[in-house]
Amino acid sequence: MEDKSKIVVFIDDEEQPVAAFTSPVNFELDTLKLVDGKHTLKIVSKDPTGKEGVRLIPFEVRNGPAIDVEGIRENAVVDGVLPIMINAYGKGDQKMFLIEGSETPKSIPSWVWILIIGFAGWALYYLFTYLSLKP
């Protein structure tokens, strides 16, 4: 009888394991073979006495192009005409970063406009007060 635990790794509800090892182990999970979306890593371990342990680890794969949407949020209640901006960009590979298209332009937040208008109002008040004090 062997004195090390056996480890079998499954993805989602697949019947065939992704890998089978003797404990301890380091391995690389290639997510490029998985479709984007939610998955579950299922690790089944059997010790030398035959007892089994199971651990489920949910994870999400996002290898495809990133999609950014401005103008609507998830589960939003909307009406009328919505201006929506959509940007999709790939990440390139691990050795090269793609700069073009990797940033999504954003509209200026309303608090910035309020800050600019407030500062402009204060500047005009200060200017008129300064000019009215001159003889």
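Excluded from the calculations below are hydrogen atoms, water molecules and symmetry mates; all remaining heavy atoms, backbone and side chain alike, are included. Sequence positions, counted from 1, serve as the residue numbers for this chain.
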Ile84 and Glu70: side-chain contact (heavy atoms from CB on, under 4.5 Å), yes or no, with the steps? CA-CA 6 Å; Ile84 296 177; Glu70 186 174 330; over 6 Å; no
Please determine whether side-chain contact (heavy atoms from CB on, under 4.5 Å) holds for the pair Phe59 and Leu34, giving the CA-CA distance in whole Å, both sets of side-chain angles, and the decisive distance to 0.1 Å. CA-CA 12 Å; Phe59 65 98; Leu34 300 173; 4.1 Å; yes
Audit row: Val9, Leu29, side-chain contact (heavy atoms from CB on, under 4.5 Å) steps and yes/no: CA-CA 10 Å; Val9 180; Leu29 176 64; 5.9 Å; no
Run the ring-ring contact (aromatic ring centres under 6.0 Å, His included) check on Trp122 and Tyr125 step by step: do they pass? CA-CA 5 Å; Trp122 172 81; Tyr125 170 79; 8.6 Å; no
Given the rule in the side-chain contact (heavy atoms from CB on, under 4.5 Å) test, do Ile43 and Val54 qualify, once you have shown the distances and angles that lead to the verdict? CA-CA 6 Å; Ile43 303 167; Val54 177; over 6 Å; no
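Remark: Arg62 CZ to Asp36 CG distance equals 8.0 Å, nearest 0.5 Å. Here the straight-line distance linking atom NE2 of His39 with atom CD of Glu60 works out to 8.5 Å at 0.5 Å rounding. Taken from OG1 in Thr129 to OH in Tyr126, the straight-line distance is 9.0 Å, to the nearest 0.5 Å. Distance check: Ile11 CD1 to Leu41 CG gives 5.0 Å after rounding to the nearest 0.5 Å.
Residue Phe119 qualifies as open at atom CZ: its count of foreign heavy atoms under 6.0 Å is 12 or below. In the displayed structure, Asp13 atom CG is contacted under 6.0 Å by at most 12 heavy atoms of other residues, nucleotides or ligands. The 12-atom threshold is not exceeded at CD1 of Ile67, counting heavy atoms of other residues, nucleotides or ligands nearer than 6.0 Å.
A distance-only check finds no donor-acceptor pair linking the side chain of Asp47 to the backbone of Ser5 [under 3.5 Å].
Val61 and Asn63 make their closest contact through CG1-ND2, 3.3 Å (heavy atoms, listed as atom of the first residue, atom of the second, distance). When all heavy atoms are compared, the tightest approach of Lys4 to Ser23 is CD-O, 3.3 Å. Closest non-hydrogen pair, Lys42 versus Leu56, comes out as CG-CD2, 3.5 Å.
Neither Leu124 nor Ile116 shares a network with the other; the hydrophobic side chains, linked directly or stepwise wherever heavy atoms of I, L, V, M, F, W or Y lie under 4.5 Å apart, form separate groups for each. With hydrophobic clusters built from ILVMFWY side chains whose heavy atoms lie under 4.5 angstrom apart, Ile7 shares a cluster with Phe27.
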